[in-house]
Amino acid sequence: AADKANSGVDDQLSDAPPMESAVTGAVGVVVLGMSRSGTSAVTRMFVSAGFFAGHDEDLMPATDQSPSGHWENVGVWRANEQILDRLQATWFDPPATALQRLAREWAVPMLRTEVERILGQADGAPVAIKDPRIGVMTPLWGEILTDQLHPVLVIRDPIEIAHSVARRDGTPPAFALAAWELHMVSLLDYLTGRTATVAPYGSMMQDIELAQLVVEQATAHLESARASRVQPADGKGALNRSYHRNRAGVGDHDEQLTARQLELWRLLSSLPAGDCAIEAPAELRKPGRA
């Protein structure tokens, strides 16, 4: 699995995206980040501000781990799962980039159908698409994102993510940290040379005003008619500090992260909230041996 995942990201390095800005006149946002990184809270923040993620019956129900809901459209999740299953892969053992490219002819239309379905239900509002699987499926999702959706990159402390994943399903911390590394280097490889709106989960939980900033700056990339439907200040009410659990302790990073993971976290944690031109050196756009 490690060899396959490494080869997939290495393939991406040989086909690095050109320098380009964010989507011009986007129809919505795509919320990017690993599972348990705060993507549900951030998507709910956008929905509270006027974005559309789907009708209630089309959204994954709330769980004990996400009591305010996942804000994840079941149609998008199902399409991603069907593609991964057909490619004999999973979100933590993703298909190599070359294999995803070969699947574009039949897979990309499946994904476009789901995005168009949600757009058709949105009644002119901007959409918010979220599924953590997208981060390791950018060779398939890339052209859809570039054409239609502005990226929102959610950043959370990997120690907190590892604790949260362990609490959810008992995943060993080292495995969760390796999955985080794989996921984030895949996203960095796709986003390098592009503008994304950064949503630092921990910082927003400490300063709720950052939620309005994030929504405002992401909204600025939308088609004007859709942007007029958004009230950025309303996004602040969607964040609940009581849900911010699984905190990192003193020394956890030095003790639990590999040297490459620590370097990756330093880069990600240095990104300011709001619009940011993403730049990552080549060595941080491929996973380490973990």
Discussion item. Determine whether M184 and L153 satisfy the following criterion, side-chain contact (heavy atoms from CB on, under 4.5 Å), listing intermediate values before the conclusion.
Written reply: CA-CA 10 Å; M184 298 314 293; L153 179 62; 4.0 Å; yes
Fill in: Worked check of side-chain contact (heavy atoms from CB on, under 4.5 Å) between D275 and H221
CA-CA 10 Å; D275 281 3; H221 298 281; 2.7 Å; yes
Item to complete: Check step by step if side-chain contact (heavy atoms from CB on, under 4.5 Å) holds for V74 and M60.
Response: CA-CA 6 Å; V74 173; M60 286 189 176; 3.9 Å; yes
Worksheet item: D189 and V185: side-chain contact (heavy atoms from CB on, under 4.5 Å), yes or no, with the steps?
Response: CA-CA 6 Å; D189 194 52; V185 297; over 6 Å; no
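R156 contributes a side-chain N or O that, together with a main-chain N or O of R36, makes up a donor-acceptor pair within less than 3.5 Å. Between the side chain of Q100 and the backbone N or O of P95 there is at least one donor-acceptor pair closer than 3.5 Å. Side-chain N or O atoms of S164 include none that pairs as donor or acceptor with a backbone N or O of E160 at under 3.5 Å. Panel note: side chain Q256, backbone P158; no donor-acceptor pair is recorded below 3.5 Å.
Nearest heavy atom pair, residue P232 against residue V215, reads CA-CG1, 3.7 Å. For K130 against S40, the heavy-atom pair with the smallest separation is NZ-OG, 2.9 Å. The shortest non-hydrogen separation linking A280 to L267 is CB-CD2, 3.9 Å. Scanning all heavy atoms of the two residues, the minimum distance from G142 to Y190 falls at O-OH, 3.4 Å. The shortest heavy-atom contact between H163 and D252 is NE2-OD2, 4.2 Å. Scanning both residues, V230 and P126, for their nearest heavy atoms gives CG2-CG, 3.7 Å.
Residues Q217 and H150 have side chains not in contact (no heavy-atom distance under 4.5 Å, counting atoms from C-beta outward). With contacts defined as side-chain heavy-atom distances shorter than 4.5 Å, the pair D58/Q121 qualifies. Proximity of I278 to L271: side-chain heavy atoms (C-beta onward) are separated by under 4.5 Å at one or more points. Here the side chains of I159 and L257 are in contact, with some heavy-atom distance below 4.5 Å. When side chains are defined from C-beta on, V29 does not count as touching T197, because their heavy atoms never get closer than 4.5 Å. Counting heavy atoms from C-beta on, the side chains of T138 and L32 never come closer than 4.5 Å. Counting heavy atoms from C-beta outward, S35 and H183 have side chains that stay 4.5 Å or more apart. Here the side chains of L222 and R229 are not in contact, with every heavy-atom distance at 4.5 Å or above.
Taking CD from E283 and CD from E263, the interatomic distance works out to 6.5 Å, rounded to the nearest 0.5 Å. Atom CD in E181 sits 11.5 Å away from atom NZ in K286 (nearest 0.5 Å). Between the CG atom of L149 and the CG atom of L119 there is a distance of 7.5 Å, given to the nearest 0.5 Å. Atom CD1 of I118 is separated from atom NE2 of H55 by 10.0 Å, given to the nearest 0.5 angstrom. Between the CZ atom of R78 and the CG atom of D131 there is a distance of 12.0 Å, given to the nearest 0.5 Å. Note: L268 CG to S37 OG = 11.0 Å, rounded to the nearest 0.5 Å.
The side chain to side chain donor-acceptor pair (under 3.5 Å) search around R266 returns none, not counting sequence neighbours. For S48, the side chain to side chain donor-acceptor pair (under 3.5 Å) test picks out no residue, with sequence neighbours left out.
Taking the six-membered ring where tryptophan is involved, the planes of F46 and F51 are perpendicular, since the angle between them exceeds 60° and thus also 30°. In this structure, F92 and F175 have perpendicular ring planes: the angle between them is above 60°, well past the 30° mark.
E57 CD: more than 12 foreign heavy atoms inside a 6.0 Å radius.
Between R117 and E114 there is a salt bridge, since at least one side-chain N of the basic residue sits less than 4.0 Å from a carboxylate O of the acidic one.
No chain of hydrophobic side-chain contacts below 4.5 Å, direct or via other Ile, Leu, Val, Met, Phe, Trp or Tyr residues, connects L87 to L102.
Counting only N and O atoms by type, the side chains of W141 and N80 include a donor and acceptor under 3.5 Å apart.
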